[in-house]
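Just the heavy atoms: all of them, side chains too, but no hydrogens, waters or symmetry mates, feed the values below.
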Amino acid sequence: MPILPSISGPRDLDALSTDQLDELAAEIRAFLVENVSQTGGHLGPNLGVVELTIALHRVFSSPEDPFIFDTGHQSYVHKLLTGRQDFSGLRVRGGLAGYPQRAESAHDVVESSHASSSLSWADGISRALTATGRADRHVVAVVGDGALTGGMTWEALNNISDDNDRNLVIVVNDNGRSYAPTIGGMSRFLNRVRTAAAYKDLHQRSDRLFRAFGPVGRAVFRGVRGGTHGFLSRFTNNEALYSNLDIKYLGPVDGHDLPALLETLELAKSYGAPVIVHTITEKGRGYQPARDDEADQFHAVGKIDPTTGETLSSGGRGWTDVFSDALVSVGEQRTDVIAMTAAMLRPTGLAPFAERFPDRVYDVGIAEQHAVASAAGLAYGGLHPVVALYATFMGRAFDQVLMDVALHRAGVTFVLDRAGVTGPDGPSHHGMWDLAMLQIVPHIRIAAPRDGARLTEALNEAVQVDDAPTVIRFPKGEVAADLPAIERLKDGVDVLARGESEDVLIVAIGPFAELALDVADRLRAQGIGATVVDPRWAIPVQPSVIEMAAHHRLVITLEDGIRVGGIGTRVRQVLREAGIDTAVDELGLPDEFIDHASRDQILVDAGLTAPKIAQDIVSQVLGTRIPKARDAGETGTIDLPLHERH
């Protein structure tokens, strides 16, 4: 009889023997491969933490003992062991989220998928439990070795070590990788521990010796193994890593050896003070296609063949691919252009550049703040950094953009992938705040290309700017066919369509240009003339946009970002500064955390569809909806000289 269907909660693990727990681990791996291959998701990380998660739930009592997963992409096993075994709708609206989600279960605590924050959460929760008379409860934080490259982790450890009177267990899930192999001095240190011949040989020889004496010998081996862990860690010099932190260290322990894990975690639980448990795991464990994937060991997959691991839908050319090729081309022309990223070399498309120019790429680990400040230094030294990040992670380094790059007028280009609605990964992965956040930075220039040709064009223009930060943002997924303009104005604004009358000016940001053209066609059928423009460089607002707004009855802005403080807000402010009273309706995303769903579903919810937008504009032109269009025949005037309108 299969064991997994009988597990409705963590306490169902208590009655299982060690052999049954091993069987359960095998069933979970088979379940993950079968189910995630049908929906897509984070497969490799979860295959690597099966035994570790089983052991954690066997030893500790979630949710009374809160579990905190750093980033949370490795929480699928946790979900299975806490009664959530319907994965048919994983990352689909109405189905399980791809990350912990409080609405799903009391066992889920931290929903954010941004790395290196787990120990700060654990510090706060453990302090609160102690302060409120619940010091008998434990807090368990699971953090990957990749997250150790983030400075926040060490800030938290510094504070945790200053107050040792609480039950806090920090489990380091050390698989040598974040998205891809972990980089930096910390990685090199842990890698020496992970591969140390002294540790491996001593562990294997002692195992063989005791097993030779049969069941009694194996029992003795398990009994002494906990004591040898501390010795082995000193023998491999691993305690040097934590020597100044005043935190008990246990390990390294084989993260796929359930008896060893259970024993070590029991020791950690009984210690009565903060403990670090260092586990060595294999990403993609038990699934050969993942193990053979040198790029990222199936960190995140789409729909795949469960037997071969082959992708089932290849799709067309993506935005990231276009940027990747364009950057290599720029690099061939400009020897001063270098590339930077924060542990996302392949996801952001920098791998081809790294292969072509290996000495001109810097991967700083999960350390966006450091990346941006370092980029300012590189610019000062005469180089032009192109910093490639996911848009959602840009917020982690906003202070550095403002005070290190912009204040010092550094020529740094930021390329933000996965901007706008990303869909199935949920609220902490949508890249919907960048436009509102970054446009307040003095002298910044922000481009949102509508197609691949404009992306290449924008990158070439951005690296020419050496006295201010530039930003290029584009969405996740396939890039549509190039959308030619009917006219390019002197300031670089592209006119995509003109109506027979100047009723409505639609300012389309990025790929929303296609949506704007659809709206214009629907308005034309209603006898309403619409001009559609793509500013290309959305910030600063271009003079021609201001001039055209003065001659239209209504301005509509369309952006794949939050409405509050977005591009539409900036356009409206600039028009008012110029003395233009044309009504502006800013259309975009609500200032809410948007749950996982498809991109189309989210846009429908936000009212960002051609039928809905066209219907509302007709009402505005007729004067039955606010903001109302100006009466036909009226035009605005411009009070300020063009050079003052930025």
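Considering Leu608, Asp600, Asp560 in turn, Asp560 is the only one that fulfils the side-chain contact (heavy atoms from CB on, under 4.5 Å) rule with Val421. Of the candidates Arg396, His114, Gln400, Arg396 is the only one forming a side-chain hydrogen bond (donor to acceptor under 3.5 Å, both in side chains) with Glu368. Between Leu416 and the choices Leu438, Ile472, Ile446, the side-chain contact (heavy atoms from CB on, under 4.5 Å) rule is met once, by Leu438. Applying side-chain hydrogen bond (donor to acceptor under 3.5 Å, both in side chains) to Asp425 and the options His430, Arg418, Arg91 leaves one that passes, Arg91. Looking at His73, His429, His596 one by one, the single match for ring-ring contact (aromatic ring centres under 6.0 Å, His included) with Tyr99 turns out to be His429. Asp581 pairs in a salt bridge (Lys or Arg N to Asp or Glu O under 4.0 Å) with only one of the listed residues (Arg553, Arg576, Arg630, Arg572), which is Arg630.
If you take CG on Leu622 and NZ on Lys628, they are separated by 11.0 Å, rounding to the nearest 0.5 Å. With rounding to the nearest 0.5 Å, the separation of CZ in Phe398 from CE in Met437 is 7.0 Å. Rounding to the nearest 0.5 Å places CD of Glu559 at 6.0 Å from CG of Leu435. The CD1 atom of Ile613 sits 10.0 Å away from atom CZ of Arg522, with the distance rounded to the nearest 0.5 Å. Here the straight-line distance linking atom CG of Asp518 with atom CD of Glu514 works out to 9.5 Å at 0.5 Å rounding. The CD atom of Glu310 lies 13.0 Å from the OG atom of Ser37; values are rounded to the nearest 0.5 Å.
Classification of Asp534 and Arg454 as a salt-bridged pair fails, no side-chain N sitting under 4.0 Å from a carboxylate O. Ion pair Asp336/Arg360 not flagged as a salt bridge, since none of the NZ, NE, NH1 or NH2 atoms sits closer than 4.0 Å to an Asp/Glu carboxylate oxygen. In summary, Glu461 and Arg445 do not engage in a salt bridge, as defined by a charged side-chain N under 4.0 Å from a carboxylate O.
By the 4.5 Å heavy-atom criterion applied to side chains, Pro590 and Val564 are not counted as neighbours. Counting heavy atoms from C-beta on, the side chains of Ile506 and Val533 never come closer than 4.5 Å. Within the 4.5 Å cutoff, side-chain heavy atoms of Asp595 are placed close to those of Pro427. You'll find the side chain of Ile539 stays beyond 4.5 Å of the side chain of Trp537, heavy atoms only. Under the 4.5 Å side-chain criterion, counting only non-hydrogen atoms from C-beta, Asp296 is not in contact with Arg346. By the 4.5 Å heavy-atom criterion applied to side chains, Arg409 and His443 are counted as neighbours. Contact check for Arg536 versus Glu457: side-chain heavy atoms found under the 4.5 Å cut-off. Side-chain contact between Thr569 and Gln573 is present, with heavy atoms from C-beta onward closer than 4.5 Å.
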(request) Begin with the C-alpha distance, continue with both residues' side-chain angles, and end with the deciding distance and a verdict on side-chain hydrogen bond (donor to acceptor under 3.5 Å, both in side chains) for Asp417 and Thr348. (result) CA-CA 7 Å; Asp417 202 331; Thr348 59; over 6 Å; no
(request) Dump the intermediate steps for side chain to side chain contact (heavy atoms under 4.5 Å, CB included) on Met340 and Val364, then the final yes or no. (result) CA-CA 8 Å; Met340 295 188 75; Val364 302; 3.8 Å; yes
(request) Could you check Gln369 against Asp399 for side chain to side chain contact (heavy atoms under 4.5 Å, CB included), going step by step and ending with a plain yes or no? (result) CA-CA 8 Å; Gln369 289 176 289; Asp399 182 70; 5.7 Å; no
(request) Show your reasoning for whether side-chain hydrogen bond (donor to acceptor under 3.5 Å, both in side chains) applies to Thr582 and His551. (result) CA-CA 8 Å; Thr582 307; His551 294 91; over 6 Å; no
(message) Please evaluate residues Phe323 and Val386 with respect to the criterion side chain to side chain contact (heavy atoms under 4.5 Å, CB included), reporting the C-alpha separation (whole Å), side-chain torsions for both, the decisive distance (0.1 Å), and the verdict.
(response) CA-CA 11 Å; Phe323 161 66; Val386 176; 4.2 Å; yes
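Within 6.0 Å of CD in Glu500 there are 12 or fewer heavy atoms belonging to other residues, nucleotides or ligands. Enclosure of atom CD1 in Ile486 by more than 12 non-hydrogen atoms of other residues, nucleotides or ligands within 6.0 angstrom is indicated.
Between His299 and His42, the angle of the ring planes goes over 60°, which puts this pair in the perpendicular group of the 30/60° scheme. The aromatic rings of Tyr390 and Phe393 sit parallel to each other, their planes meeting at less than 30°, with 60° as the upper class boundary. The aromatic rings of Trp319 and Phe474 sit parallel to each other, their planes meeting at less than 30°, with 60° as the upper class boundary.
A donor-acceptor pair under 3.5 Å is absent between the side-chain atoms of Asp70 and the main chain of Ala115, judged by distance alone.
Closest heavy-atom contact between Val479 and Gly452: CG2-N, 3.5 Å. Across all non-hydrogen atoms, the minimal contact from Leu496 to Pro484 is CD2-O, 4.1 Å. Ala376 and Asp404 get closest at one heavy-atom pair: CB-O, 3.5 Å. Listed here is the closest heavy atom pair of Ala629 and Leu554: CB-CB, 3.9 Å.
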